[in-house]
Each structure stands twice: as C-alpha cells, then as structure tokens.
There are 2 protein chains.
Amino acid sequence: MSTTELGAKAPEERRKRILEATVAVIRERGFAGTRVSDIAESAGTSQGLVLYHFGSLAGALTAALTSLEDEFYVEVDQQLESASGPIERLRLMGELGSGQGPAVGDWRLWLELWVRALHDDDARTARESLDRRWRASLSDVISEGVAQQLFTPSDAADSVVRLASLMDGLAIQLALDDPGMSTHRFGQLWLEAASLELGIPLDTLRG
Amino acid sequence: MSTTELGAKAPEERRKRILEATVAVIRERGFAGTRVSDIAESAGTSQGLVLYHFGSLAGALTAALTSLEDEFYVEVDQQLESASGPIERLRLMGELGSGQGPAVGDWRLWLELWVRALHDDDARTARESLDRRWRASLSDVISEGVAQQLFTPSDAADSVVRLASLMDGLAIQLALDDPGMSTHRFGQLWLEAASLELGIPLDTLRG
DNA sequence: CAGTATCCTGAACATGCGTTCAGATGGAAT
DNA sequence: ATTCCATCTGAACGCATGTTCAGGATACTG
C-alpha cells in the first residue's frame with residue numbers, strides 16, 4: 001500500500017488543480033494582478049511547483065487560457081445539442097450569454113481576455129478563435145431558422161455580427177454591475193433584438 | 001527678463017504635459033503596464049516630477065482618467081451641436097463611435113477602462129458616468145426624432161440601451177483589429193441597426 | 001538684495017515578485 | 001537493496017519599480 005491515496009495519477013491531478021486555481025485567481029484579480037504566489041496558495045502548493053509544471057507565470061496564464069477555451073467549446077456544444085429547433089436554440093443562446101442557464105463562465109473573464117489580447121498574442125488568437133466559434137454557432141442556428149422559413153433576416157451575416165456584438169456590449173454592463181442591467185434584462189433585450197433582426201414575432205420567441 | 005521663455009504658467013504647462021503623456025502611455029501599454037518611468041520619459045521630465053505633481057502612480061492614472069472624461073464630454077457636445085436634426089445627429093454618433101470623424105479617442109482606451117473598472121473604484125465611477133452621459137446624448141437624439149415623428153421605436157429606452165451596447169460590442173472587434181471589422185463596416189452595421197430599431201428607412205439614414 | 005516658497009532633479013531606498021536551485025521525498029526499475 | 005528519475009519544497013537571488021529625500025534652480029516678495 002502506498003502512503004498516498006491519490007493513485008497513480010497524482011501529478012496530473014496536481015497539475016489540474018493548479019490550472020483550475022489559476023483560472024480562479026484570474027477571475028478574482030485579473031490577468032495583470034495574478035501572481036505566482038496567488039496561484040500556489042489557491043492550489044495549496046508551493047510556488048516552485050507552479051513553475052515546475054508551467055515553466056513561468058506567463059506559461060501558467062497561457063495554459064489557463066487554452067483550458068478555458070476547451071471548457072467553453074465543450075459546454076456550448078453540449079448545451080446547444082440539448083435544444084431542438086432554431087427558436088429554442090436561439091433562446092438558449094440568450095440564456096447562455098446572460099448567464100442564466102448553466103453559465104459558460106463569468107463575463108469578467110472575457111473582459112480580461114479582451115484587454116490581454118491587446119498586448120499578448122496568445123490571448124489575441126484565443127479570443128479570436130473563441131469569438132469565431134461562437135459566431136459560427138449563432139450562424140448555424142440562424143441558417144437553420146432561415147431554412148425552415150422561421151427567420152427572415154435581410155442579411156443573415158450582418159445579423160450574426162450584430163447579435164454577437166450586442167451580446168458583448170450588454171455583457172460589459174453585466175460584468176461591471178451597471179445599475180439597470182441584470183441577467184434578466186440582458187436576456188430580454190437580446191431576444192428583442194433577435195426578434196427585430198430576424199423578423200420573428202416576440203411572442204413566438206418568448207414562447 | 002527671465003531666462004525661460006515659457007512665461008508665468010510654466011509649472012502648469014508641465015503638469016499638463018505629464019497628463020497628456022500619461023494618457024499616451026496608457027493608450028500604448030495599458031493601465032496595468034504603465035510605469036512612472038514611462039510617463040516621465042514620454043513627458044520629457046524626471047520621475048520625481050511626476051510624483052511631485054500627482055503624489056503617486058495611482059494618482060497620475062486617476063488624474064489621466066478624469067482628464068479623459070472631460071475631453072470626452074467637450075468633444076461629444078461640440079460635435080453634436082454642429083449637426084442639425086435627429087437624422088444627421090444619429091449619423092454623426094455612428095461616425096464618432098467608429099472613429100471616422102474626429103475621433104473621441106482610441107477604443108482601446110475604453111477596453112482598458114472597462115477592465116480597470118473591475119478592480120478600481122475611480123475607474124468604475126468614471127466609466128459609469130461616461131456611459132451614462134453618452135447614452136443620455138443618444139437618448140436625446142432619439143427623443144428628438146420621435147417628437148418629429150421621424151423615429152418610431154417600439155420602446156425608446158430599450159433601443160437606447162441596445163444601440164449603445166451594440167456600439168461597445170462592435171468597438172471590441174475594432175479595438176482588437178478583428179479581421180472582418182473596419183471603421184467603415186462598424187458605421188454601416190450600426191446604422192442598419194438604428195434603422196431597424198427606430199423604424200427609419202435605410203436610404204433616409206444613409207442620406 | 002535677501003529670504004522664502006515653489007518647482008524640479010537624480011540618486012538612494014525599500015520591497016514585491018518571478019525565477020533559480022540545492023536538496024528532500026517517494027515510487028519504479030534493475 | 002540500490003539506483004534513478006519524476007515530483008515537490010523552501011530558501012535564496014536578482015531585478016524591476018514605486019517612493020522618498022536631500023538638495024539645486026527658479027521665481028516671487030518685502
């Protein structure tokens with residue numbers, strides 16, 4: 001019997017813990033405010049180990065970034081599969097964005113990512129691919145709706161960009177706790193925009 | 001005759017130079033990346049003087065923030081007065097946002113401000129008041145259009161929030177040089193949204 | 001002209017933080 | 001049992017950077 005009960009995969013467990021801790025700290029203190037000691041403390045290990053696994057602070061931050069990316073993809077796809085029909089999928093995307101449903105993650109992380117993308121290339125490509133992916137999903141839903149003659153956008157591509165951008169813009173207020181913004185109002189406003197953009201009666205969309 | 005040709009206001013000139021330098025450095029390196037030495041170098045003075053005038057790095061950053069706020073107010077009001085009629089004013093706001101006209105400032109600064117607002121109270125209140133002010137201007141323009149029966153939004157308040165948020169969202173892509181986004185497309189997309197929201201024929205809006 | 005307050009500088013100081021490193025620990029292989 | 005390698009720790013190192021400070025220069029004042 002070994003003295004540890006963690007089994008053979010202890011090191012990788014540890015690595016994963018550090019990764020999660022890194023994300024947690026970034027969420028709290030932002031990319032710029034995250035220190036190696038914060039990560040170590042949050043993960044319950046030494047600073048040395050963080051550097052051992054990721055080489056440097058920047059390495060840990062980048063690793064956290066891609067880990068986040070993966071989570072995002074998995075969660076969005078999983079959620080979208082669970083819905084049937086373009087109307088319901090559209091509603092779901094509104095909820096995913098507003099964070100009502102099982103949240104994709106805190107919008108504050110996205111703000112942090114955007115700013116980091118201004119100065120860091122890894123962040124730039126990560127955010128670009130996340131955005132592209134999200135817009136692709138939205139585009140798919142809209143195409144589906146158009147094919148079923150439920151949606152009648154005057155220009156589907158433009159509507160995709162606008163609806164995605166609107167979500168980002170609303171997200172800023174949500175992330176900053178702007179008075180007058182709430183997850184409920186977020187969802188409301190976004191669905192109304194979708195109704196306008198895609199020519200769907202609001203009642204239909206609200207169900 | 002004094003040996004300097006700067007006149008009596010030399011100290012305040014100097015202070016102003018430092019303020020402008022601070023804004024410039026923030027624009028380049030972000031809030032988090034701005035160092036006292038950067039400001040001093042950019043302003044052509046010593047580190048000591050920066051601290052002498054603003055007490056601390058944080059003080060300089062905050063001062064730059066409020067200075068930015070003032071500039072914004074002045075420029076927006078000045079621009080909006082130059083336009084006549086709600087349609088033209090709306091078009092102007094689109095241009096102001098996209099940075100085509102005399103730019104309000106780089107959108108990257110706004111991104112920086114948003115993220116700083118996550119962790120710093122001065123930034124939080126600054127950005128909130130900037131946002132409120134901008135939305136108030138937009139709201140005024142829309143009210144004017146409604147009064148003249150040019151605009152027919154189903155809910156003016158909601159349209160204000162959506163159009164302002166859409167601008168923020170588009171701005172992110174512009175700030176990050178997203179492929180597929182440009183100042184021209186920014187203005188295009190935003191005006192189309194305004195057309196949808198306010199029930200204005202596109203031809204009218206495009207002039 | 002003398003005195004004083006304001007403005008400004010460059011160097012010194014203190015500290016926080018990323019990184020390095022010498023070794024401890026423990027399991028696997030021989 | 002001995003060796004070896006991966007894993008992990010805590011301390012030490014060194015650098016970057018915000019802040020302090022002693023003093024010089026300049027401009028007002030009486």
Side-chain angles (χ1 to χ4, degrees), chain A residues 1-26 28-65 112 116 119-120 122-123, chain B residues 1-26 28-65 112 116 119-120 122-123:
Chain A
M1 301 301 130
S2 71
T3 53
T4 77
E5 280 119 50
L6 297 175
K9 296 288 183 182
E12 296 189 13
E13 289 278 337
R14 217 82 190 277
R15 197 190 138 98
K16 196 177 168 189
R17 266 247 295 274
I18 294 176
L19 218 45
E20 288 165 2
T22 305
V23 173
V25 174
I26 294 172
E28 263 182 56
R29 319 189 41 124
F31 275 99
T34 296
R35 293 165 299 192
V36 177
S37 62
D38 294 322
I39 298 173
E41 187 183 0
S42 171
T45 71
S46 65
Q47 295 193 26
L49 191 61
V50 177
L51 279 307
Y52 172 77
H53 276 303
F54 299 101
S56 68
L57 172 61
L61 294 179
T62 307
L65 219 54
E112 295 282 353
R116 187 166 174 85
H119 310 289
D120 177 90
D122 286 325
Chain B
M1 299 302 125
S2 70
T3 53
T4 76
E5 280 119 49
L6 296 174
K9 295 289 184 183
E12 295 189 15
E13 288 278 337
R14 218 81 190 277
R15 197 189 138 97
K16 197 177 167 188
R17 266 247 295 273
I18 295 176
L19 218 44
E20 287 165 2
T22 306
V23 173
V25 174
I26 294 172
E28 261 182 57
R29 321 192 34 127
F31 276 99
T34 296
R35 295 165 297 190
V36 177
S37 61
D38 295 322
I39 298 173
E41 187 184 0
S42 170
T45 71
S46 65
Q47 294 193 27
L49 191 61
V50 176
L51 280 307
Y52 173 77
H53 277 302
F54 300 101
S56 68
L57 172 62
L61 295 179
T62 308
L65 218 53
E112 295 281 354
R116 187 167 173 85
H119 309 289
D120 176 88
D122 286 326

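Here is how names work: the chains are called A, B, and so on, in the same order as the sequence lines, proteins then strands, and each is numbered from 1. This structure is a prediction, so every number in the text was calculated from the model and none was measured.
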message: Working note: B:Thr22 + B:Phe54, criterion side-chain contact (heavy atoms from CB on, under 4.5 Å); need CA distance, chi angles, decisive distance, verdict.
response: CA-CA 11 Å; B:Thr22 306; B:Phe54 300 101; 5.6 Å; no
query: Rounding to a whole Å, what distance do you find between A:Glu41:CD and D:dT9:C1'?
result: 16 Å
query: How long is the gap from CG on A:Leu65 to CG on A:Asp122, to the nearest 0.5 Å?
result: 7.0 Å
Listing time: all N or O pairs from protein to nucleotides 3-7 of chain C that are below 3.5 Å?
{"residue": "C:dC7", "atom": "OP2", "partner": "B:Tyr52", "partner atom": "OH", "Å": "3.0"}

- prompt: Quick one: CD1 on A:Ile39 to CG on A:Leu61, what's the gap to the nearest 0.5 Å?
  reply: 6.0 Å
Report each atom pair, protein N/O against N/O of nucleotides 17-21 of chain D, whose distance is under 3.5 angstrom.
{"residue": "D:dT17", "atom": "OP1", "partner": "B:Arg35", "partner atom": "NH1", "Å": "2.6"}
{"residue": "D:dT17", "atom": "OP2", "partner": "B:Arg35", "partner atom": "NH1", "Å": "2.9"}
{"residue": "D:dG18", "atom": "OP2", "partner": "B:Val36", "partner atom": "N", "Å": "3.0"}
{"residue": "D:dT19", "atom": "OP2", "partner": "B:Leu57", "partner atom": "N", "Å": "2.8"}

query: Roughly how far, to the nearest 0.5 Å, is the NE2 atom of A:His53 from the NZ atom of A:Lys16?
result: 14.0 Å
field: Non-neighbouring partners of B:Arg17 that pass side-chain hydrogen bond (donor to acceptor under 3.5 Å, both in side chains), sequence neighbours left out
entry: none
statement: Rounding to 0.5 Å, atoms OG1 (B:Thr62) and CG (B:Asp120) come to a distance of 6.0 Å
query: From A:Thr45 OG1 over to A:Arg14 CZ, what is the distance, rounded to the nearest 0.5 angstrom?
result: 6.0 Å
task: Can you tell me the distance, in whole Å, between the CZ atom of A:Phe54 and the P atom of D:dT7?
output: 12 Å
- prompt: So how far is it from B:His119 NE2 to A:Glu112 CD, rounded to the nearest 0.5 Å?
  reply: 4.0 Å
